[in-house]
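To start, the structure under review is shown below, and the notes come after it.
Here, residue 1 is the first one in the sequence, and each next residue gets the next number.
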Amino acid sequence: MLKAIIIDDELRSRESLAHIVAENCNNVQIVELAESVETGVKSILKNKPDLIFLDIEMQDGTGFDLLEKMPNGQFDVIF
């Protein structure tokens, strides 16, 4: 089972993607939803996911800003 996090500043997008993953990807477990670069970094450090669904533009920065804060990221990213 892969652990995944969804990081997106739009609630509807987070919830929709979580629903799609739950319905179609039996081997992926969404462990947390985050709404910003800051909460995304905290979630990654806490959960150590295998996969991150990452928004590019968020209120407090970009997905690339988040990735720069995670230089040793041991996860795959889907934008």
Side-chain angles (χ1 to χ4, degrees):
M1 179 77 66
L2 295 174
K3 291 191 308 184
I5 297 172
I6 297 172
I7 305 170
D8 193 311
D9 61 337
E10 295 180 25
L11 176 61
R12 179 179 248 162
S13 296
R14 289 192 306 271
E15 291 175 342
S16 294
L17 183 54
H19 178 74
I20 291 168
V21 171
E23 291 288 317
N24 296 290
C25 304
N26 295 331
N27 64 332
V28 177
Q29 176 189 14
I30 303 296
V31 294
E32 195 160 12
L33 305 176
E35 67 276 351
S36 66
V37 171
E38 181 181 342
T39 59
V41 168
K42 289 177 183 177
S43 180
I44 292 166
L45 294 173
K46 178 177 114 183
N47 294 292
K48 304 201 180 351
D50 303 298
L51 178 64
I52 297 174
F53 294 95
L54 183 59
D55 190 11
I56 293 176
E57 286 289 330
M58 292 177 275
Q59 297 283 332
D60 65 339
T62 68
F64 299 107
D65 295 333
L66 181 143
L67 293 174
E68 287 179 3
K69 296 174 187 275
M70 310 299 308
N72 297 323
Q74 297 290 325
F75 48 79
D76 290 318
V77 177
I78 297 175
F79 284 105

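- At a threshold of 4.5 Å between side-chain heavy atoms, the hydrophobic network of Ile, Leu, Val, Met, Phe, Trp and Tyr places Ile78 and Leu2 in one connected group.
- Across every non-hydrogen atom of Ile30 and Leu33, the tightest pair is CG2-CD2, 3.7 Å.
- Between Lys42 and Lys46, the closest side-chain pair of non-hydrogen atoms is not below 4.5 Å.
- Side chain of Ser16 to main chain of Arg12: a donor-acceptor pair is present (N/O by atom type, distance under 3.5 Å, no hydrogens or angles).
- Around atom CD of Glu38, no more than 12 heavy atoms belonging to other residues, nucleotides or ligands sit under 6.0 Å away.
- Closest heavy-atom contact between Ala22 and Asn26: O-OD1, 4.5 Å.
- Atom CG in Leu51 sits 12.5 Å away from atom CD in Gln29 (nearest 0.5 Å).
- In terms of heavy-atom proximity, Glu57 sits nearest to Thr62 at OE2-CG2, 3.7 Å.
- Distance CD1/Ile6 to CG/Leu17: 4.0 Å, rounded to 0.5 Å.
- Proximity of a side-chain donor or acceptor of Asp8 to a complementary backbone N or O of Glu10 within less than 3.5 Å is detected.
- Across all their heavy atoms, Arg14 and Ala34 have their closest contact at CD-O, 3.2 Å.
- Applying the under-4.5 Å side-chain rule to Ile, Leu, Val, Met, Phe, Trp and Tyr, the cluster around Val41 extends to Ile5, Ile7, Val31, Val37, Ile44, Leu45, Ile52, Leu54, Ile56, Met58, Phe64, Leu66, Leu67, Met70, Phe75, Val77, Phe79.
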